[in-house]
Amino acid sequence: MKKFYLFLLAFLMIALNAQATTWVQVGDYEYIDKDSVEYYINDRGEMQFNKKTYWMKTINHDGLYKEAEKISKKKISYSKDQWIADITKKSIAVKSGISYDKEGNIVSSYSFQDYELNWSSIVPESKGELWFELIRKPRYLKKLYKMQLAEQNQ
């Protein structure tokens, strides 16, 4: 039985490693998981080819999470938010999010149903417009990732 548990533990470690996210830095404190970009599947299970979903990590800076920290009475180190980009309408909405402390423990989380989504237009010449273009054409996100890897290896 002990061998079985050791085998299971080894298998889980390999499986979790294979599922590791690949964060691409897209701002001073923002990262997009390049492997998370995919067509959106709505709450009814229908794939929507005009929408893409992706995960973004934001590092706490300049009091960004000040209000959330007051509510939770815990320090937030970073958050991961799942966004939906409507390619045809050039707008975005947040679908869900999780905030973490510096040890990686969950501080808070939320999720919205499709009918609760709050869509916002992309502001021209903003960080949001850059991120939208990276999601719209993920090959650019993959090129940016390769450039960042090359910089790290120099």
Side-chain angles (χ1 to χ4, degrees), residues 12 15-153:
L12 287 174
L16 290 174
N17 236 359
Q19 296 292 330
T21 54
T22 311
W23 296 107
V24 181
Q25 189 166 4
V26 294
D28 292 336
Y29 306 98
E30 300 89 11
Y31 300 80
I32 293 176
D33 175 11
K34 76 172 182 65
D35 296 329
S36 72
V37 180
E38 54 191 29
Y39 289 111
Y40 180 60
I41 299 174
N42 67 21
D43 291 343
R44 294 184 305 265
E46 303 163 337
M47 187 173 288
Q48 297 186 313
F49 294 104
N50 64 322
K51 295 177 182 162
K52 291 188 177 179
T53 184
Y54 62 98
W55 283 93
M56 178 174 263
K57 181 194 297 188
T58 306
I59 308 300
N60 194 359
H61 64 283
D62 303 327
L64 178 66
Y65 300 118
K66 192 175 188 177
E67 292 302 315
E69 289 173 335
K70 282 182 187 177
I71 293 167
S72 67
K73 295 181 175 60
K74 294 182 181 177
K75 181 80 175 143
I76 296 173
S77 181
Y78 63 95
S79 70
K80 294 179 183 177
D81 299 295
Q82 183 184 35
W83 289 87
I84 305 167
D86 187 320
I87 304 305
T88 54
K89 294 182 180 175
K90 205 168 183 181
S91 60
I92 57 170
V94 67
K95 179 71 172 168
S96 62
I98 307 169
S99 298
Y100 298 88
D101 64 16
K102 66 181 178 181
E103 285 83 31
N105 300 311
I106 295 174
V107 173
S108 64
S109 65
Y110 61 89
S111 186
F112 298 109
Q113 297 294 313
D114 286 343
Y115 71 89
E116 297 174 300
L117 296 176
N118 184 16
W119 291 93
S120 300
S121 296
I122 300 296
V123 176
E125 300 177 6
S126 67
K127 282 184 181 182
E129 185 175 44
L130 168 67
W131 301 336
F132 179 83
E133 289 303 319
L134 292 172
I135 298 310
R136 191 170 75 85
K137 296 183 179 175
R139 68 180 176 270
Y140 295 137
L141 191 59
K142 290 175 183 176
K143 285 182 182 180
L144 182 58
Y145 174 70
K146 286 180 182 178
M147 288 175 22
Q148 289 175 5
L149 274 182
E151 283 180 13
Q152 289 175 359
N153 293 331

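Every heavy atom of this structure was used, including side-chain atoms; hydrogens, water molecules and symmetry mates were not. We number each residue from 1, following the sequence as shown.
Arg136 and Asp86 are not joined by a salt bridge, as no carboxylate oxygen comes within less than 4.0 angstrom of a charged side-chain nitrogen. Residues Lys80 and Asp33 are not paired through a salt bridge, judged by the lack of any N-O separation under 4.0 Å between the basic side chain and the carboxylate. Taking a cutoff of 4.0 Å between a charged side-chain nitrogen and a carboxylate oxygen, Lys66 and Glu69 do not qualify as a salt bridge.
Every pair tested for ring-ring contact (aromatic ring centres under 6.0 Å, His included) that includes a residue from residues 117-152 fails, sequence neighbours excluded, so the list is empty.
Taking the side chain as every heavy atom from C-beta outward, Met56 and Gln82 never approach each other to under 4.5 Å. Taking 4.5 Å as the limit, every side-chain heavy atom of Phe49 sits out of range of all side-chain heavy atoms of Ile87. Between Thr58 and Tyr65 the shortest side-chain heavy-atom distance falls below 4.5 Å. Looking at heavy atoms from C-beta onward, Asn50 lies out of side-chain contact with Lys89 at the 4.5 angstrom threshold. Proximity of Lys95 to Leu117: side-chain heavy atoms (C-beta onward) are separated by under 4.5 Å at one or more points. Side-chain contact between Trp23 and Trp55: present, with at least one pair of heavy atoms (C-beta onward) separated by less than 4.5 Å.
Distance OG/Ser99 to CG/Asn105: 12.5 Å, rounded to 0.5 Å.
A distance-only check finds a donor-acceptor pair linking the side chain of Asp114 to the backbone of Asp43 [under 3.5 Å]. One N or O on the side chain of Gln25 and one on the backbone of Gly27 form a donor-acceptor pair closer than 3.5 Å.
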*Test side-chain contact (heavy atoms from CB on, under 4.5 Å) on Tyr78 and Asn60 and set out the steps.*
CA-CA 5 Å; Tyr78 63 95; Asn60 194 359; 5.9 Å; no
*Determine, step by step, whether Lys52 and Glu38 satisfy the salt bridge (charged side-chain N to carboxylate O under 4.0 Å, His left out) criterion, reporting the C-alpha distance in whole Å, the side-chain angles of both residues, the deciding distance to 0.1 Å, and the verdict.*
CA-CA 5 Å; Lys52 291 188 177 179; Glu38 54 191 29; over 6 Å; no
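Considering all non-hydrogen atoms of both residues, Ser77 and Asp101 come closest at CB-C, 3.5 Å. Smallest separation of non-hydrogen atoms from Val24 and Lys34: CG2-CB, 3.8 Å. Contact between Val37 and Tyr54 at its shortest, heavy atoms only, is CG2-CB, 3.9 Å. Across all non-hydrogen atoms, the minimal contact from Glu30 to Asp28 is OE1-N, 3.4 Å. Of all heavy-atom pairs spanning Ile59 and Leu64, the tightest one is O-CD2, 4.2 Å. Minimum interatomic distance between Ile106 and Tyr100 (heavy atoms only, all atoms of both residues): CG1-CE2, 3.8 Å.
At most 12 non-hydrogen atoms from other residues, nucleotides or ligands lie less than 6.0 angstrom from CD of Glu125. Under a cut-off of 6.0 angstrom, the local environment of NZ in Lys142 is sparse, with at most 12 non-hydrogen atoms contributed by other residues, nucleotides or ligands.
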